[in-house]
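If you're wondering where the values come from, they're calculated on a predicted model, not measured in any experiment. When reading the values below, keep in mind they use all heavy atoms of this one structure, side chains included, and skip hydrogens, waters and symmetry mates. A note on names: the letters A, B, ... follow the listed sequences, proteins ahead of strands, and every chain is numbered from 1.
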2 protein chains.
Amino acid sequence: MNLSKTSKYAFRILSHMAKDEKALYSAQQLHKEIDVPEKYLRRLLTDLSKHGFIKSIQGRQGGFTFNRDINQITLLEIVDAIDGLDSINECILGYESCAFSHSCPMHNIWEETKQKTIKTLTDTTLSDIHKSIVGVN
Amino acid sequence: MNLSKTSKYAFRILSHMAKDEKALYSAQQLHKEIDVPEKYLRRLLTDLSKHGFIKSIQGRQGGFTFNRDINQITLLEIVDAIDGLDSINECILGYESCAFSHSCPMHNIWEETKQKTIKTLTDTTLSDIHKSIVGVN
DNA sequence: TTTAAATGCTACTTGTTTATAGTATTTAAC
DNA sequence: GTTAAATACTATAAACAAGTAGCATTTAAA
């Protein structure tokens, strides 16, 4: 699997926001709290709004807040929105069609690990993250 | 984890060569058999030689052959040589220091999956791949 | 109604990775 | 020795991802 830096930023944003699900966060505030370049963060926030994870409130006193219940938002959905599912499903040798009929030499070796990754991304919601936090950040 | 296209190419090369461990492969031949751009493949072969996985034989009738026993070469070593171990160990939020003392919000959630990935890469050798092949390619 | 504080949009810049071009070097066959 | 078939090296190009700049728009407060 290949998680882009942008997806990692998206995880930072949403997992941070999940700490206080109902709060309204401004881009500036988020920029201070998580470490993402401000302009890039703004773009990404707009993007996450367009994907329906959060919604934006414009104008003074505006910001971003969740648009969906955080226990309905899985990590897989987030990766899908940013990188696309191919980044997850792609064969470890990078072959286009590594279907069962002509699987690549490493298909069997890697399959279990890949499924474990997919399962974790599918089963984990933003509220799970919130619950799992023991330490800091 | 973040596997570069180049690492995937390296996997293609070495897993393919592992099918006939003692054979000598020319770049041209490999280019035809696996799907990697020829010039890039050549560079990568030289790189893999420098890392000691294979050795090059120059001149006419030259090519590449394994320099080490294929049951001693793990996938992790290959990724390490190309992308570096950071690409594997990196925190899922991309934070520089996600050590135990101040682990990121997703640390606990992701840790098991990450360890599974590392274990597979560590435990799998090129000869395991050869053995595991059931289908085609 | 003006101002300030927020998001929205689009074009551009920078950095990194992937890919190519061209030439030099090595060595076996003839 | 000359040639042909291979690898080695280095510089450059192309493609992609990440980051920035600047102005437009929205809206609440003063």
Side-chain angles (χ1 to χ4, degrees), chain A residues 2-13 17 23-67 79 81-84 86-87 90 93-96, chain B residues 2-13 17 23-67 79 81-84 86-87 90 93-96:
Chain A
N2 227 322
L3 204 64
S4 70
K5 201 167 183 177
T6 307
S7 276
K8 286 174 183 156
Y9 285 166
F11 281 161
R12 287 192 198 183
I13 294 168
M17 288 178 67
L24 187 71
Y25 297 86
S26 74
Q28 199 170 68
Q29 175 188 3
L30 284 170
H31 167 61
K32 282 174 191 151
E33 290 165 347
I34 62 184
D35 185 33
V36 179
E38 187 166 354
K39 277 287 189 179
Y40 202 65
L41 171 66
R42 287 178 183 283
R43 251 179 38 178
L44 188 46
L45 283 165
T46 303
D47 200 32
L48 292 171
S49 299
K50 286 185 176 159
H51 276 99
F53 299 116
I54 55 180
K55 64 186 168 205
S56 70
I57 292 162
Q58 284 194 318
R60 194 170 179 161
Q61 303 288 76
F64 299 87
T65 189
F66 279 107
N67 187 43
V79 180
I82 307 293
D83 293 337
D86 286 353
S87 67
E90 191 187 35
L93 298 190
Y95 283 119
E96 282 296 312
Chain B
N2 227 323
L3 204 63
S4 71
K5 200 167 184 178
T6 307
S7 276
K8 285 173 182 156
Y9 285 166
F11 281 161
R12 287 192 199 183
I13 294 168
M17 289 178 67
L24 187 71
Y25 297 85
S26 74
Q28 201 170 65
Q29 176 188 3
L30 284 170
H31 167 61
K32 282 173 192 154
E33 290 165 348
I34 63 184
D35 186 33
V36 179
E38 187 167 353
K39 278 288 190 180
Y40 201 66
L41 170 67
R42 287 178 183 281
R43 252 181 35 179
L44 187 47
L45 283 165
T46 303
D47 201 33
L48 292 171
S49 299
K50 286 184 177 158
H51 277 98
F53 298 116
I54 55 181
K55 64 186 168 205
S56 70
I57 293 164
Q58 283 193 318
R60 195 167 178 165
Q61 303 287 77
F64 299 87
T65 189
F66 279 106
N67 187 43
V79 179
I82 308 292
D83 293 337
D86 286 353
S87 67
E90 191 187 35
L93 297 190
Y95 283 120
E96 282 296 311

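Considering every non-hydrogen atom in both B:Phe64 and B:Thr46, the closest pair reads CE2-N, 4.4 Å.
Nearest-nucleotide positions on DNA chain C for A:Lys50 and A:Gln61 put A:Gln61 closer to the 5' end. Between A:Gln58 and A:Thr6, the one whose closest nucleotide on DNA chain D sits nearer the 5' end is A:Thr6.
Here the P atom of nucleotide C:dT7 and the CG atom of A:Asn67 are 16 Å apart, to the nearest Å. Rounded to an integer number of Å, the gap from CG of B:Asp47 to P of D:dA8 is 11 Å. In this entry the distance linking OH of A:Tyr25 with C1' of C:dT7 reads 18 Å, nearest Å. When rounded to the nearest whole Å, the span between CG of A:Leu45 and P of D:dG19 equals 14 Å. Atom CG of A:Leu41 is separated from atom P of C:dA6 by 13 Å (rounded to the nearest Å). Residue B:Ile57 contributes atom CD1, which lies 15 Å from atom C1' of D:dA8 at whole-angstrom precision. Between the CG atom of A:Leu24 and the P atom of D:dT26 there is a distance of 19 Å, given to the nearest Å. Rounded to an integer number of Å, the gap from CD of B:Glu38 to P of C:dT20 is 10 Å.
Candidate nucleotides D:dA6, D:dA18, C:dT7 were compared by shortest atom distance to the side chain of A:Tyr40, and D:dA18 ranks first. When distances run from any side-chain atom of B:Ser26 to the nucleotides C:dA6, D:dA6, C:dG8, the shortest one goes to D:dA6. The nucleotide whose nearest atom lies closest to any side-chain atom of B:Lys39 is, among C:dA21, C:dT7, D:dA29, C:dA21. Of the candidates D:dA8, C:dC9, D:dA6, the closest approach to any side-chain atom of A:Thr46 belongs to C:dC9.
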**Request:** Give the intermediate values and the outcome of side-chain contact (heavy atoms from CB on, under 4.5 Å) for residues A:Ile34 and A:Leu41.
**Result:** CA-CA 10 Å; A:Ile34 62 184; A:Leu41 171 66; 4.3 Å; yes

**Request:** Would you check, one step at a time, whether the test side-chain contact (heavy atoms from CB on, under 4.5 Å) holds for A:Thr6 with A:Asp47?
**Result:** CA-CA 11 Å; A:Thr6 307; A:Asp47 200 32; over 6 Å; no

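If you check the side chains of B:Tyr9 and B:Ser4, you find no donor sitting under 3.5 Å from an acceptor.
Residue side chain B:Arg60 does not reach the base of D:dT7 through any donor-acceptor N/O pair under 3.5 Å, judged by distance alone. The base of D:dG19 has none of its N or O atoms less than 3.5 Å from a complementary donor or acceptor on the side chain of A:Lys5. Below the 3.5 angstrom threshold, one finds no donor paired with an acceptor across the side chain of A:Arg43 and the base of C:dG8. At a cut-off of 3.5 angstrom, the base of C:dT20 holds no donor-acceptor pair with the side chain of B:Arg42.
Counting non-hydrogen atoms under 4.0 angstrom, B:Ser4 reaches the backbone sugars and phosphates but no base. Across all strands shown, A:Gln28 has heavy atoms under 4.0 Å from sugar-phosphate atoms exclusively, and none from any base.
In this structure, the separation between NZ on B:Lys55 and CG on B:Leu24 is 10.0 Å, given to the nearest 0.5 Å.
Between A:Ser56 and C:dG8, a side-chain N or O to OP1/OP2 separation shorter than 4.0 Å is present. OP1 or OP2 of D:dG19 sits under 4.0 Å from a side-chain N or O of A:Tyr9.
When the shell of 6.0 Å around CG of B:Asp35 is examined, it contains 12 or fewer heavy atoms from other residues, nucleotides or ligands.
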